[in-house]
Protein chains: 2
Amino acid sequence: MSYPLSSGHVPLRFAAPSMSVSLDRIADFLGTVPLFRELDRVALRSFADITREHKYGKGTVIVSEGDPGDALYVVRTGEVKVVLVAEDGREVILGVLGVGDHFGELSLIDGRPRSAHVIATSTSSLLVLRRADFRRQVEQQPQVGWALLMELSRRLRQADGTIGSLVLLDVPGRVARVLLENATPGQPATLIKPMTHQVMSQMIGASRETVSRAMSEFQEKGWIAVARRQVTIVDRVALEARARPAL
Amino acid sequence: MSYPLSSGHVPLRFAAPSMSVSLDRIADFLGTVPLFRELDRVALRSFADITREHKYGKGTVIVSEGDPGDALYVVRTGEVKVVLVAEDGREVILGVLGVGDHFGELSLIDGRPRSAHVIATSTSSLLVLRRADFRRQVEQQPQVGWALLMELSRRLRQADGTIGSLVLLDVPGRVARVLLENATPGQPATLIKPMTHQVMSQMIGASRETVSRAMSEFQEKGWIAVARRQVTIVDRVALEARARPAL
DNA sequence: TTGTCGCCGTGACTCGGGTCACAGTGACCC
DNA sequence: GGGTCACTGTGACCCGAGTCACGGCGACAA
């Protein structure tokens with residue numbers, strides 16, 4: 001995840017050096033975000049110009065379902081979760097977003113209220129782009145519109161897959177599915193992003209206990225291994241079969 | 001849902017009259033589709049130019065999950081369903097599309113395989129726009145890109161809502177939800193698009209029998225009325241309460 | 001009329017998985 | 001060290017809802 005520090009020449013600069021240096025670093029960062037990947041340095045700078053940075057402590061509610069929404073957020077550091085919250089406190093996790101991910105584009109596009117809560121799961125720093133500024137920039141940079149379409153497509157595919165798994169799979173099947181989705185293949189083993197059973201259960205609409213039992217079962221069968229809370233996939237094929245409807 | 005028949009002047013026309021007349025009618029039709037609503041007649045004609053019309057008999061598979069996809073489809077007449085199909089034959093209905101709805105944009109945007117099956121539920125006529133042609137046109141007409149973003153946003157909101165209801169609501173709650181979603185307010189009563197219990201059950205991930213029982217319960221409580229297979233909402237407030245998590 | 005067909009309603013049985021209640025296990029901090 | 005806290009593992013119990021099995025009913029064709 002390395003990228004060239006803006007060595008060489010820098011675009012015209014008028015303001016105080018310290019400010020511009022930080023804007024350069026923001027522009028560098030934006031260049032690593034898929035949404036802005038296609039842009040050249042000048043365009044990245046103009047997007048950096050319209051950002052404000054905000055910090056949120058762990059557990060802070062960043063946006064609430066039903067709020068009028070007029071900003072796009074990019075995670076610069078930390079982690080946030082997108083959740084639906086029922087009145088009795090139960091939570092459904094629609095997604096966990098890390099560095100380089102973004103949220104808030106729906107309200108930005110259609111102007112309707114926020115469709116979910118977003119809550120910081122660790123101390124996080126977010127770049128905020130307000131609607132009017134963002135739209136003006138996007139009109140100059142149609143590639144960003146295209147990148148947005150790609151991103152929404154990806155999410156829609158994922159959401160449809162989740163719906164399918166909720167209806168067609170039993171809980172162990174859904175557990176297998178999240179494991180596979182959060183696996184990063186590598187040597188010597190393919191690891192899984194660490195997360196608590198509680199979080200997994202809220203991602204797949206199950207109880208913590210049932211997830212726990214499924215994980216035990218997978219260990220006994222030798223499909224996964226757990227060492228010091230780090231899960232690794234041992235038998236990917238078996239997991240994939242378990243995650244397929246109607247074995 | 002009426003719109004002016006192209007009275008008055010018509011844009012330049014070279015081809016055989018019969019062909020152009022039909023293209024004019026297609027352009028008229030496209031003008032009623034939200035995706036193309038912002039376009040002027042000339043632009044509508046240029047989109048009409050790149051369409052091919054296809055007919056599909058009831059039950060025909062129009063696209064299959066996993067296929068490489070490179071076309072956008074607009075429903076001109078009839079009705080189709082978007083479904084996930086498990087190996088054992090169980091089906092999840094992700095959506096039912098009628099006249100003016102469209103599908104296939106995901107593969108068009110990201111070039112990945114189709115994410116679901118689309119099957120004609122009645123004899124249907126579809127307009128097909130192939131990827132290369134469509135992209136070329138969209139580059140001329142950025143409003144269409146924006147309309148696509150609006151449409152994907154709408155669907156994503158809906159998909160997230162479905163996920164929430166699958167996890168947070170019991171079956172009667174989900175039944176109440178589909179009823180409300182398919183209600184068209186009007187005088188003297190707010191009607192619900194007719195659909196079989198079978199179809200409803202596949203939309204909400206439940207069995208036909210459980211849906212049947214929920215409908216009976218709602219009738220007994222006086223929340224809905226059924227006459228000759230036409231369902232009408234009597235007590236909308238009660239239904240809305242039932243469709244909210246954690247009553 | 002009588003068959004056939006697709007859809008609806010209901011009872012009986014079963015079971016996946018939610019809930020409750022605890023016990024165990026690290027990790028971290030006084 | 002010991003206390004606190006967040007997480008995990010497991011047994012017991014129970015309920016929502018899936019499945020199976022019918023019977024009824026309206027529509028439509030022969």
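If you're wondering where the values come from, they're calculated on a predicted model, not measured in any experiment. Here is how names work: the chains are called A, B, and so on, in the same order as the sequence lines, proteins then strands, and each is numbered from 1.
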Query raised in the report: Which of these nucleotides, C/dG17, C/dT19, D/dA17, is closest to any side-chain atom of A/Glu209?
Result: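 Nearest nucleotide to the side chain: C/dT19.
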Exercise. Can you tell which of D/dA21, C/dG17, C/dT19 lies closest to the side chain of B/Arg208?
Worked result: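 The closest nucleotide is D/dA21.
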Which is more 5' along DNA chain C, the nucleotide nearest A/Ser207 or the one nearest B/Thr210? Just name the residue.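 Checking each residue's closest nucleotide, the 5'-ward one belongs to B/Thr210.
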Query raised in the report: Between B/Arg213 and B/Thr196, which is nearer to the 5' end of DNA chain C once each is assigned its nearest nucleotide?
Result: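 Final value for this comparison: B/Thr196.
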In this structure, how many angstroms lie between the [atom2] atom of [N] and the [atom1] atom of [X], rounded?
X: B/Arg90; N: D/dG18; atom1: CZ; atom2: P; answer: 11 Å
X: B/Leu168; N: D/dG16; atom1: CG; atom2: P; answer: 17 Å
X: A/Met200; N: C/dG18; atom1: CE; atom2: P; answer: 13 Å
X: A/Gln198; N: D/dT8; atom1: CD; atom2: C1'; answer: 11 Å
X: B/Met215; N: C/dT10; atom1: CE; atom2: P; answer: 13 Å

Next on the checklist: At 4.0 Å (heavy atoms only), tell me whether B/Gly205 reaches a base, stays on the sugar-phosphate, or touches nothing.
Outcome noted: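 It contacts sugar-phosphate atoms only.
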Counting only heavy atoms from other residues, nucleotides and ligands, does the tally under 6.0 Å from NZ of A/Lys221 exceed 12?
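Enclosed: over 12 neighbouring heavy atoms sit under 6.0 Å from NZ of A/Lys221.
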Checklist entry - Taking DNA chain C as the partner, which of residues 216-233 of chain A come within under 4.0 angstrom of it by heavy atom? => result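 By residue number: A/Arg228.
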Heavy atoms, side chains only, cut-off 4.5 Å: are A/Leu168 and B/Arg90 in contact?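 Yes, close enough: below the 4.5 Å cut-off.
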Subject >> B/Leu126 side chain near B/Ile62 side chain, heavy-atom distance below 4.5 Å >> reply: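 Yes, their side chains come closer than 4.5 Å.
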One pair to check against side-chain contact (heavy atoms from CB on, under 4.5 Å): B/Glu240 and B/Leu180. What are the steps and the verdict?
CA-CA 8 Å; B/Glu240 280 168 351; B/Leu180 290 166; 3.6 Å; yes
| message | Looking only at side-chain N and O atoms, does B/Thr210 offer a donor or acceptor that is under 3.5 Å from a partner on B/Ser207? | response |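 The answer is yes; a qualifying pair exists.
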Working to the nearest 0.5 angstrom, can you tell me the gap between B/Leu72 CG and B/Leu129 CG?
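So the CG of B/Leu72 and the CG of B/Leu129 are separated by 5.5 Å.
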- Message: Any strand counts, and the cut-off is 3.5 Å on both contacts for Watson-Crick or G-U wobble. Which nucleotide pairs with C/dC13?
- Response: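 Its partner is D/dG18.
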Quiz item: What do the steps show when you test A/Phe29 against A/Val74 for side-chain contact (heavy atoms from CB on, under 4.5 Å), and what is the final call?
Solution: CA-CA 10 Å; A/Phe29 169 69; A/Val74 184; 3.9 Å; yes
State whether B/His197 places a side-chain N or O below 4.0 Å from either non-bridging phosphate oxygen (OP1 or OP2) of C/dG9.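 Checking B/His197 against C/dG9: at least one side-chain N or O falls below 4.0 Å of OP1 or OP2.
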